[in-house]
Amino acid sequence: MKLATWNVNSLKVRLPHLLGWLRDAEPDVVALQELKMQDEAFPHEAIEAAGYTAVCNGQKTYNGVALLAKKPLVLQDVVRDIPGFEDAQKRVIAATVDGIRVVSVYVVNGQAVGSEKFDYKLRFLAALNDYLHEELATHEQLAVMGDYNVAPTPEDTHDPLQWEDGILCSPAERAALQGLCDLGLTDAYTKPFLPDGRFTWWDYRMAGFARNLGLRIDHILLSAALLDWVREWKVDLNPRRLERPSDHAPVIVTL
DNA sequence: ATGGTCGGATGCCGA
């Protein structure tokens, strides 16, 4: 079973990349983020033709998330957004596939430490914590996959001196991510699995990818029942090397 | 045309 997460940064622009990558990587379950499109525009037909079924929680211009499952797998008990958390932004969708509860999440970027958006990021992560607490109580097998916009440790940045205490790396953000793990979730990333490096995002500016000026901010968190089954964690750099790529690369965990 | 580069939507904003 291959679980994957990918921030595509506009599904409209990246649809050819997504279809090619589904063919090459053959993931079983995919969490997508930053669709930047409404539900009516979601390319169900092309994704069905590629052998996948999909559910989405879209939004115009910003955000938007989806879950894909390789047929004949089906996505059941779909829940959109964080129940009870008032939020106009579409950042969460959950479903059950083959007995596993999967969540696609696009955590708030936060812009700058101390900003209004930073405050929203921390409130979002607190609400996500409450939600995942409930999900863990009802689903033994839980996989929470997405763009967390948090680099867990200094090693997860290309330049700790530059990034430390800034946005994506501040103590408050790292504590919030650790808070999710304290619920009973574990980052599937483990250091022996580094065939193509550990970074998942590179800024478009200043030739970030060519110089490998990256961060590890996309994660797959697993409940204990799934963690024992992890065989491999990897970043798939192939889509990031294409013309007009997303600024993120997919993370794939093989169970 | 909009900071550096993208994407999307305008007369920049968010990342």
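Worth knowing before you read on, the calculation uses all heavy atoms, side chains too, and leaves out hydrogens, waters and symmetry mates. Residue numbers start from 1 in every chain, and the chains themselves are labelled A, B, ... in the order their sequence lines are given, proteins ahead of strands.
- Residue A/Leu168 contributes atom CG, which lies 16 Å from atom P of B/dG14 at whole-angstrom precision.
- Every residue two or more places apart in sequence or in another chain was checked for a side-chain contact (heavy atoms from CB on, under 4.5 Å) with A/Glu86, and none qualifies.
- Side-chain nitrogen and oxygen atoms of A/Arg244 include none within less than 4.0 Å of the OP1 or OP2 phosphate oxygen of B/dT5.
- With rounding to whole Å, A/Asn63 atom CG is found 13 Å from B/dA9 atom P.
- Using C1' as the reference atom, B/dT2 and B/dA15 are 16 Å apart when rounded to the nearest Å.
- Along DNA chain B, the nucleotide nearest to A/Val13 and the one nearest to A/Ala207 differ in position, and the one closer to the 5' end is contacted by A/Ala207.
- Residue A/Lys117 has a polar side-chain atom (N or O) positioned under 4.0 Å from OP1 or OP2 of B/dG14.
- Of the N and O atoms on the side chains of A/Lys121 and A/Asn109, not one donor lies less than 3.5 Å from an acceptor on the other residue.
- Across the interface with DNA chain B, nearest-nucleotide mapping of A/Val108 and A/Lys36 shows A/Lys36 to be the residue nearer the 5′ end.
- Taking the P atoms as reference points, B/dA1 lies 23 Å from B/dG14, given to the whole Å.
- Distance, A/His17 NE2 to B/dC6 P: 12 Å, rounded to whole Å.
- Dashed line: the shortest gap from a side-chain N or O of A/Arg14 to OP1 or OP2 of B/dG7 is under 4.0 Å.
- Picking from B/dA15, B/dG8, B/dC6 the nucleotide with the shortest atom distance to the side chain of A/Tyr204 gives B/dC6.
- The number of heavy-atom neighbours closer than 6.0 Å to CD of A/Gln162, taken from other residues, nucleotides and ligands shown, is above 12.
- Rounded to whole Å, the separation between the P atoms of B/dA9 and B/dT5 comes to 22 Å.
- Of the candidate nucleotides B/dG7, B/dA9, B/dG4, B/dA9 has the atom lying nearest to any side-chain atom of A/Thr61.
- Below 30°, between 30° and 60°, or above 60°: for A/Trp201 and A/His248 the angle between ring planes is between 30° and 60°, a tilted geometry.
- For the pair A/Gln38 CD and B/dG8 C1', the computed distance is 12 Å after rounding to whole Å.
- Rounded to a whole Å, the CG atom of A/Asn149 is 15 Å from the P atom of B/dG14.
- Side-chain contact annotation: A/Asp187 with A/Tyr148, donor-acceptor N/O pair under 3.5 Å absent.
- Whole-Å rounding puts the A/Leu35 CG to B/dG7 P distance at 15 Å.
- Residue A/Asn109 contributes atom CG, which lies 5 Å from atom P of B/dA15 at whole-angstrom precision.
- Under the Watson-Crick or G-U wobble criterion, with both distances below 3.5 Å, B/dT10 is paired with B/dA1.
- The interatomic distance linking A/Gln111 (CD) with B/dC12 (C1') rounds to 13 Å, in whole Å.
- Within the nucleic acid shown, A/Tyr106 comes within 4.0 Å of sugar-phosphate atoms alone, with no base atom in reach, counting heavy atoms only.
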